[in-house]
Amino acid sequence: MHWADFTAQRLQKERGNNQILCSGITPSGEIHLGNLREILTAEMIHRACLDLELNSRYIFIVDSMDPLRRIYPFLSDEYQKYIGCPLAYIPAPDKDGQPDSSLGSYSDYFLSPFLDALQQIGVQPEIIMNHQSYENGEFAKKIDGAIKHMTEIREIIETISGRELSDNWFPYNPIGSDGSMDGVIVTGYEYPYVSWTDRHDISGRSDIRKSEGKLPWRIDWAARWGFHGITCEPAGKDHGSAGGSFDTGIPICRLLGSEPPGKMVYEWIQLKGMGPMSSSSGNTIGPIEALGLVPPEIIRYLIAGSKVNKHIDFDTGGALFTMADEYERLVANPPSGDAEKLSKRQLIARDTKLGALRMSQIIHGTDPADSVAGVSFRHLSMLAQIKSDDEGIWNSLRQSSHIDGMPNQNLINRLARMRNWIEGPHFPTDAQIIIQSAITEEARDNLSTEQNSFLSEFQKRIIDYEWNESSINECIRESAAAVEIGMRQAYMALYWTILGKYFGPRIAALMSEIDKDEVMAIFSN
RNA sequence: GGGCCUGUAGCUUAGUCAGGUAGAGCGCCGGGCUUUUAACCCGGUGGCCAGGGGUUCGAAUCCCCUCGGGCCCGCCA
């Protein structure tokens with residue numbers, strides 16, 4: 001069974017027919033591909049719940065109330081004054097990292113491209129801006145409870161996380177006179193006001209029913225589990241390790257009167273050979289960038305086809321072909337078989353694969369067969385390289401009867417992505433089609449006597465042929481027949497000559513795209 | 001130091017939670033086909049399931065130990 005279905009069944013047993021799946025992110029910088037795993041993990045479980053006919057909602061909480069913690073590499077020193085201020089209330093950076101209030105809030109600025117990416121991969125969450133939950137007083141009860149149970153919460157955090165909290169620690173961080181939560185010391189509490197003195201020695205009070213302060217992370221998380229009624233929130237393994245925020249969140253959530261979700265921890269996505277993604281190290285690939293290269297259903301398949309607790313190596317090079325091939329093979333030939341005839345293992349394998357395929361669809365519940373657009377990823381990569389205009393590609397596809405009439409939107413999108421990939425730095429060199437200007441040494445060494453005589457024969461004959469695909473092919477066939485050489489050998493000889501390797505795309509189509517004199521020049525050289 | 005995950009064929013892995021004769025894809029080898037979609041079709045090769053011990057009629061699966069790999073433990077998914 002697929003992990004999403006398995007989790008959905010477990011949730012039904014544990015929490016009944018109403019489920020609220022949740023994921024959350026902090027928009028402190030460019031949101032990277034790794035964040036997609038959190039979102040897709042939750043969203044796929046949500047879909048599996050819907051498939052079980054449970055009442056399921058999927059909410060996406062943006063940690064817009066989190067403070068700016070430090071000056072990131074892409075920010076100018078101007079941001080010094082905003083450290084400790086909620087991301088929702090400070091201006092977005094411009095190209096030079098200068099704060100520019102005309103660009104909107106910091107949190108919206110980094111969030112909106114990410115929401116576009118979610119749209120593309122078919123994720124439609126209910127979006128909740130956490131600062132609004134503070135503004136409209138949803139947190140008030142939990143804050144009041146946290147302050148009243150201050151001693152117990154302190155003990156939970158100190159014993160479970162092993163961290164020692166300072167004497168003036170307080171389970172609520174008020175915002176001081178300059179908008180920052182740093183250096184603000186709480187001096188008293190009387191509902192609904194927390195009074196404080198900030199680092200400029202200015203005193204004031206915060207109304208816990210408004211966004212005049214926030215709960216520290218570990219309590220904030222536990223509190224919102226409660227008032228949103230969250231039944232499942234997969235967390236990154238940083239939160240999942242012993243003494244992490246999940247372990248403290250569970251008892252704190254109960255202390256505040258609510259049932260916490262069960263612990264569920266997912267592994268991270270790494271860039272192949274480069275370690276975990278991290279905005280600060282610059283070792284990151286954005287979902288926007290990834291979605292510029294890879295069809296969205298294949299991104300989904302990357303997550304759906306991996307177990308939650310396995311780390312994923314994301315590779316923007318040749319492995320994309322392998323991944324796309326696997327997906328297309330699965331779509332073309334989905335595992336089937338009679339449940340009675342299959343062993344338990346084969347049955348599980350079948351259902352897991354079918355589940356992954358189901359979860360990979362952009363639109364929930366649609367037929368996977370519609371997602372492949374009729375053309376394989378590999379074939380499209382070849383066409384995109386030898387044909388510079390899109391119309392030429394559609395013509396070619398019509399001729400090879402891959403498509404009928406006009407290309408659908410899915411295919412148009414795929415081609416656009418393919419062109420991005422090919423033109424960008426990630427495209428693998430061994431997939432590149434490079435037309436040689438002369439026969440290479442390596443090619444010479446690999447060509448047999450028969451192949452050489454085929455090539456001379458072809459060179460002689462082609463002069464009298466038209467320069468188009470079918471005519472070139474005819475010439476290849478006749479030349480091969482004349483020197484009594486197998487077609488495979490004949491094609492290989494042409495690949496060596498024109499591309500400098502022993503394999504390649506349809507050679508006649510490729511040749512017809514190039515000028516005849518240019519091709520003949522390769523032979524002569 | 002505390003903890004999590006992980007080790008199955010040359011490679012990527014399924015199967016581990018619910019113990020019941022090791023599955024798949026890629027690669028490789030052989031054959032077929034041929035206007036080659038780096039394709040397709042057929043057949044084959046290949047695993048003391050990291051190692052050791054225990055529980056069991058029976059262990060890749062559960063328990064214990066050892067070793068190797070990845071990662072988390074201020075913020076980060």
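Any value given below was found using the heavy atoms of this structure, including those in side chains, with hydrogens, waters and symmetry copies removed.
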Notebook entry, point to check: Which part of the nucleic acid, if any, lies within reach of Arg37(A) when heavy atoms closer than 4.0 Å are counted: base, sugar-phosphate only, or nothing?
Noted result: nothing
Next item on the list: Return the nearest nucleotide to the side chain of Asn309(A); candidates are rA38(B), rU6(B), rC75(B).
Entry: rU6(B)
Checklist line | Candidates rC75(B), rU36(B), rU6(B) - which lies nearest the side chain of Lys310(A) | finding: rU6(B)
Margin query: Strictly under 4.0 angstrom, non-hydrogen atoms only: write out the protein contact profile of nucleotides 28-35 of chain B, one letter per nucleotide from the 5' end, B, S or -.
Written below: -----BBB
Item checked: Phe6(A) or Ser161(A), whichever maps to the more 5' nucleotide of RNA chain B -> Phe6(A)
Notebook entry, point to check: Expressed as a whole number of Å, how far does the P atom of rG19(B) sit from that of rC57(B)?
Noted result: 15 Å
Check: Taking the same atom, C1', in rG53(B) and in rA59(B), what whole-Å distance lies between them?
Finding: 13 Å
Next item on the list: Just name whichever nucleotide pairs with rG43(B), Watson-Crick or G-U, keeping both distances under 3.5 Å, else none.
Entry: rC29(B)
Next item on the list: Measure from the side-chain heavy atoms of Lys353(A) and tell me the nearest of rA77(B), rA24(B), rU6(B).
Entry: rA24(B)
Note to self: Distance check needed: rC17(B) P versus His2(A) NE2, whole Å only.
What the structure shows: 19 Å
Next item on the list: Ignoring the backbone of Asn35(A), work out which of rG70(B), rG74(B), rA77(B) is nearest its side chain.
Entry: rA77(B)
Check: Side-chain N or O of Lys307(A) less than 4.0 angstrom from OP1 or OP2 on rG15(B)?
Finding: yes
